[in-house]
Undergrad: 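Take this structure, written in structure tokens, and hold onto it; I'll ask about it next.
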There are 4 protein chains.
Amino acid sequence: MSGAHSSHSHQSSDLKSATPRWTAKQKLVLETATRLFAQKGYANTSTSEIAKKAGVSEGSIFRRFKTKEGLLLTILSPVIDGILSNMLTETNRKAAILPSLKLRDFVTIIVEDRTEFIQKHIAVFKILIEEILYDNRIRLQIIKKIPKQLLTQISQVITSLHSRHEIVDWDNEEIMRFIGNNVLGFVLNYFILLDKSTAEIQAAQEHMIEFLTKGLATSD
Amino acid sequence: MSGAHSSHSHQSSDLKSATPRWTAKQKLVLETATRLFAQKGYANTSTSEIAKKAGVSEGSIFRRFKTKEGLLLTILSPVIDGILSNMLTETNRKAAILPSLKLRDFVTIIVEDRTEFIQKHIAVFKILIEEILYDNRIRLQIIKKIPKQLLTQISQVITSLHSRHEIVDWDNEEIMRFIGNNVLGFVLNYFILLDKSTAEIQAAQEHMIEFLTKGLATSD
Amino acid sequence: MSGAHSSHSHQSSDLKSATPRWTAKQKLVLETATRLFAQKGYANTSTSEIAKKAGVSEGSIFRRFKTKEGLLLTILSPVIDGILSNMLTETNRKAAILPSLKLRDFVTIIVEDRTEFIQKHIAVFKILIEEILYDNRIRLQIIKKIPKQLLTQISQVITSLHSRHEIVDWDNEEIMRFIGNNVLGFVLNYFILLDKSTAEIQAAQEHMIEFLTKGLATSD
Amino acid sequence: MSGAHSSHSHQSSDLKSATPRWTAKQKLVLETATRLFAQKGYANTSTSEIAKKAGVSEGSIFRRFKTKEGLLLTILSPVIDGILSNMLTETNRKAAILPSLKLRDFVTIIVEDRTEFIQKHIAVFKILIEEILYDNRIRLQIIKKIPKQLLTQISQVITSLHSRHEIVDWDNEEIMRFIGNNVLGFVLNYFILLDKSTAEIQAAQEHMIEFLTKGLATSD
DNA sequence: GATGAATGAGCTTTCATTCAT
DNA sequence: TATGAATGAAAGCTCATTCAT
């Protein structure tokens with residue numbers, strides 16, 4: 001809830017501030033392209049369709065984004081950067097570093113935070129998955145970022161949980177992978193593949209929190 | 001009836017038996033196409049490249065498979081059918097129906113079995129994921145099959161585990177989803193994205209079994 | 001005159017025989033492209049115009065020639081090869097090696113032979129000149145061929161003239177350059193730039209022969 | 001030496017004097033465009049590249065030169081005018097009208113003068129050649145100027161040489177063509193195509209003077 | 001049945017030019 | 001005046017598909 005603010009500020013920093021300020025038309029292109037890429041896949045979306053639906057000329061797209069791939073990267077970059085670097089919203093961050101933090105609280109915080117993040121960027125995530133599967137350049141770009149960013153934020157909390165025997169003694173990266181797989185699988189299942197009621201989704205998320213909490217508890 | 005037979009017949013029907021017997025060249029086309037689709041994505045693979053690499057003429061591909069999509073479906077169908085219907089191999093099946101089966105044994109059996117299945121068809125799975133994300137027809141085709149097939153095989157074992165209070169009391173479909181997400185995530189991480197040693201992969205699989213066993217245990 | 005035969009056989013060997021036999025449509029493309037490139041320049045001729053005027057689809061052009069540049073090279077290659085390697089027609093060749101050959105006869109033979117060659121391939125020559133001026137790859141391709149081929153044919157005759165003090169004692173390459181410049185300049189002036197009567201052209205050619213004969217005579 | 005002055009004044013008149021005085025940026029555009037046109041050809045040079053490399057906006061180019069062709073003509077015009085009209089530098093002019101002028105001196109003067117002129121404007125000459133070959137408007141513009149300008153300057157000297165039996169009795173235009181072809185061929189060969197040392201170029205120029213002197217001498 | 005030349009629609013990209021700021 | 005975003009026409013090229021041989 002309260003996390004929405006800082007999370008939002010990140011996205012906006014990518015689209016508004018800094019040197020390259022987008023014109024209204026360019027923003028329209030980015031939104032339209034994101035929507036279409038997510039709907040039909042990057043490869044199946046033509047620049048001419050993007051131009052038409054965004055109400056701009058094709059020339060304008062290429063003037064600003066250089067190539068179709070440039071347009072793709074402009075869309076993906078901020079989310080790729082955000083996946084790990086901005087792991088927690090301001091509020092959650094404070095809670096996560098409490099020395100008395102229990103595993104269940106940690107899992108709850110991170111699941112809710114990441115679910116919200118993925119949901120918010122669900123369109124970009126669909127595009128990202130396709131590219132991870134088939135585009136080596138993008139795949140490498142992502143993998144390269146993992147080690148650096150794992151050493152911050154969440155990882156510190158996990159280390160703290162380790163020291164207090166609150167969590168199973170696998171290494172941080174592997175634990176993050178379990179959490180990541182389940183959160184991503186959850187979002188894909190419930191927000192893309194399946195058509196469930198809000199109540200069912202809510203229940204499923206609670207189950208996931210319980211599942212992760214038990215699964216990651218110390219074995220004894 | 002018995003699992004072994006039907007399981008085997010299914011897989012083999014893909015490439016060998018039944019009405020449509022593939023010629024050597026056609027089998028080459030299917031293998032080449034599978035490899036290329038998995039490498040570069042369906043949309044980024046041209047029929048002319050498939051023809052060239054398979055050593056046949058483009059005309060021959062279209063004569064036999066009608067369209068490029070026909071070729072795709074010929075590749076995907078058997079695996080789509082196999083995902084749930086042939087859940088267990090002969091040996092595992094016998095073990096799975098023991099009345100004394102423990103949750104840990106169940107998880108071990110199913111994780112090992114499905115990991116092997118996905119690994120064996122990893123190329124097709126990559127293609128399948130892309131199509132699930134972007135092709136509504138294929139997505140629906142898969143979703144339609146879920147309820148029917150859940151009533152068989154594994155589901156019965158889970159029901160049995162339920163009755164013996166060996167497993168958490170969520171419904172079978174949801175439990176399967178947890179297992180599925182983790183197995184699929186495991187394979188994607190360790191066989192596509194990451195580059196780990198056999199020992200590391202082995203350890204990761206054991207961790208996954210422990211993780212699932214604890215996560216799906218009765219809460220108390 | 002009689003030389004036309006062997007000269008012709010060269011051109012035809014490029015368009016007919018060997019492994020790649022052109023289809024009727026492909027020959028039409030080559031002829032149309034040659035004409036248009038010569039008329040408007042390579043860069044100013046679009047593949048779509050070639051296709052339209054040749055009565056084929058654009059796809060067919062790219063299927064056979066790979067790229068627009070591939071089409072250009074297909075047109076240029078045989079002429080580039082022919083510029084120096086086939087310096088003399090059969091008949092002229094015989095005359096050129098007579099031990100009693102006078103400078104004037106030599107100049108006459110070579111001027112008539114090369115004028116005929118250039119005239120016959122005038123369209124390709126126009127294209128070639130443009131490419132020599134601006135395309136480094138083609139420029140190098142041509143320059144590379146000069147030394148090898150200078151050692152044959154004409155060069156031997158010049159060496160013979162040298163030994164009999166019939167010709168100025170500059171090196172063969174430089175002498176060939178004087179002849180080449182004047183023949184090429186003659187053709188460009190009288191067949192492209194200017195609009196003169198046959199009689200005037202005939203007179204100009206005779207003047208060129210006299211000019212070259214005197215200019216290349218031993219200084220004494 | 002002293003010729004350099006008047007020669008220089010010609011070039012500068014192109015860029016400085018007359019009604020349209022170029023701003024610093026406009027001069028930069030003209031120089032950049034000349035360089036790029038000569039390097040890659042007119043058709044292969046985009047206005048956007050010119051703008052970028054000259055450090056001005058594309059809009060500015062079109063504001064001043066109206067169209068891309070306008071820019072081309074602005075570059076070509078002064079050189080087209082200079083080819084024949086300003087045949088000789090001040091000093092050479094004085095020498096050329098001496099009543100005792102020998103053919104060899106005449107050839108020497110004109111070869112050195114024109115070689116210098118072409119060399120100085122070599123970039124524009126490259127552009128010009130392309131346009132002469134393919135652009136009818138420019139071709140006609142040049143041809144139209146020939147007769148008028150032939151009646152002046154050099155032509156008068158040739159007529160004088162004729163009357164003194166110093167030169168072969170072809171008409172002035174044809175004689176000029178021989179000289180022009182050889183000078184142009186010389187510059188193209190030694191300053192664009194080949195990569196020779198200064199000494200070799202010097203020797204080649206002397207050979208050309210001897211070649212032209214002998215070739216244009218009275219036949220008896 | 002197998003081939004591969006031929007197709008035409010559509011793709012990404014470039015470019016000269018315009019015009020609001 | 002100078003800028004550079006925006007344009008639309010056209011460029012080179014790719015591709016799934018057809019069909020005569």
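What's counted below: heavy atoms across the whole structure, side chains too, no hydrogens, waters or symmetry copies.
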Undergrad: In whole angstroms, how far is the P atom of F:dA11 from the CG atom of C:L71?
TA: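 C:L71 atom CG is separated from F:dA11 atom P by 15 Å.
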Undergrad: Nearest heavy atom decides the nucleotide; on that basis, is D:S46 or A:K68 closer to the 5' end of DNA chain E?
TA: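 The residue mapped nearer the 5' terminus is A:K68.
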Undergrad: Per the side-chain contact (heavy atoms from CB on, under 4.5 Å) rule, which among A:I138, A:D135, A:I132, A:T34 passes with A:L76?
TA: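 When A:I138, A:D135, A:I132, A:T34 are each tested with A:L76, the side-chain contact (heavy atoms from CB on, under 4.5 Å) holds only for A:I138.
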Undergrad: Please pick, from F:dT3, F:dG12, E:dT12, the nucleotide with the shortest atom-to-atom distance to any side-chain atom of D:S57.
TA: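 It is F:dT3.
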Undergrad: Quick check for you: among F:dT14, F:dA16, E:dT3, whose closest atom lies nearest to any side-chain atom of C:F62?
TA: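 For C:F62, the side-chain atoms sit closest to F:dT14.
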Undergrad: Distance check: side-chain N/O of C:K25 vs OP1/OP2 of F:dA20, anything under 4.0 Å?
TA: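 Indeed not, no polar side-chain atom of C:K25 lies that close.
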Undergrad: Mind calculating the distance between CD1 (B:I50) and P (F:dC15) to the nearest angstrom?
TA: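 In whole Å, F:dC15 P and B:I50 CD1 are 11 Å from each other.
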Undergrad: Of the nucleotides E:dT12, F:dA16, F:dA2, which has the atom closest to the D:R63 side chain?
TA: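 The listed nucleotide nearest to D:R63's side chain is F:dA2.
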Undergrad: In whole angstrom, give the distance that lies between atom CG of D:N44 and atom P of F:dA11.
TA: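 Going from D:N44 (CG) to F:dA11 (P), I get 14 Å.
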Undergrad: Distance check needed: E:dA5 P versus C:L30 CG, whole Å only.
TA: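 Whole-Å distance recorded here is 14 Å.
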Undergrad: Given that both distances must come in under 3.5 Å, which nucleotide forms a Watson-Crick or G-U wobble pair with F:dA5?
TA: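 Pairing partner: E:dT18.
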Undergrad: For A:F62 and A:K68, work out which heavy atoms get closest and say how close.
TA: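 Smallest interatomic distance, heavy atoms only, reads CE2-N, 3.8 Å.
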Undergrad: Is there side-chain contact between A:L73 and A:F65, with heavy atoms separated by less than 4.5 Å?
TA: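 Of all side-chain heavy-atom pairs linking A:F65 with A:L73, none is under 4.5 Å.
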Undergrad: Where the side chain of C:S60 is defined as all heavy atoms beyond and including C-beta, which of E:dT12, E:dA6, F:dA5 is the nearest nucleotide?
TA: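 Per side-chain heavy atoms of C:S60, the pick is E:dA6.
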Undergrad: Out of A:R63, A:R64, A:E31, which residue meets the side-chain hydrogen bond (donor to acceptor under 3.5 Å, both in side chains) rule with A:Q26?
TA: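 Output: one option passes, namely A:R64.
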Undergrad: Considering only side-chain heavy atoms of D:V56, which listed nucleotide, E:dA6, F:dA5, F:dT3, is closest?
TA: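 That would be F:dT3.
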Undergrad: When you get a sec, tell me which of F:dG12, F:dA16, E:dT12 is the closest nucleotide to the side chain of B:E58?
TA: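 Nearest listed nucleotide: F:dA16.
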Undergrad: C:K40 NZ to F:dA10 P: how many Å, rounded?
TA: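 Result: 12 Å.
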Undergrad: Tell me the interatomic distance from A:I61, atom CD1, to F:dA5, atom P, rounded to whole angstroms.
TA: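 From A:I61 CD1 to F:dA5 P: 15 Å.
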Undergrad: In this structure, how many angstroms lie between the P atom of F:dT7 and the CZ atom of A:R64, rounded?
TA: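 The distance from CZ of A:R64 to P of F:dT7 comes to 14 Å, rounded to the nearest Å.
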Undergrad: Need one value for B:T23: base, sugar-phosphate or nothing, where a base atom within 4.0 Å counts as base even if backbone is also close, heavy atoms only.
TA: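 Nothing, no heavy atom under 4.0 Å.
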Undergrad: Give the intermediate values and the outcome of side chain to side chain contact (heavy atoms under 4.5 Å, CB included) for residues D:W22 and D:V29.
TA: CA-CA 10 Å; D:W22 309 112; D:V29 167; over 6 Å; no
Undergrad: Please find the pair of heavy atoms, one from B:I50 and one from B:T32, that lie closest to each other, and give the distance.
TA: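 Scanning both residues, the minimum pair turns out to be O-CG2, 4.0 Å.
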Undergrad: Roughly, in whole Å, what's the span from CD in D:E49 to P in E:dT13?
TA: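 To the nearest whole Å, that distance equals 19 Å.
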Undergrad: Select from A:A43 and D:K66 the residue whose nearest nucleotide in DNA chain E is closer to the 5' end of that strand.
TA: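 Counting from the 5' end, the first nearest nucleotide belongs to A:A43.
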Undergrad: Of the nucleotides F:dT17, E:dG1, E:dT13, which has the atom closest to the B:T67 side chain?
TA: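 Nearest nucleotide to the side chain: F:dT17.
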Undergrad: Look at the side-chain N and O atoms of D:S48 and state whether any lies under 4.0 Å from the OP1 or OP2 oxygen of E:dC15.
TA: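 Checking D:S48 against E:dC15: no side-chain N or O falls below 4.0 Å of OP1 or OP2.
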Undergrad: Go nucleotide by nucleotide along DNA chain F from the 5' end; which of D:G55 and A:A24 gets its closest nucleotide reached first?
TA: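 It is D:G55 whose nearest nucleotide is closer to the 5' end.
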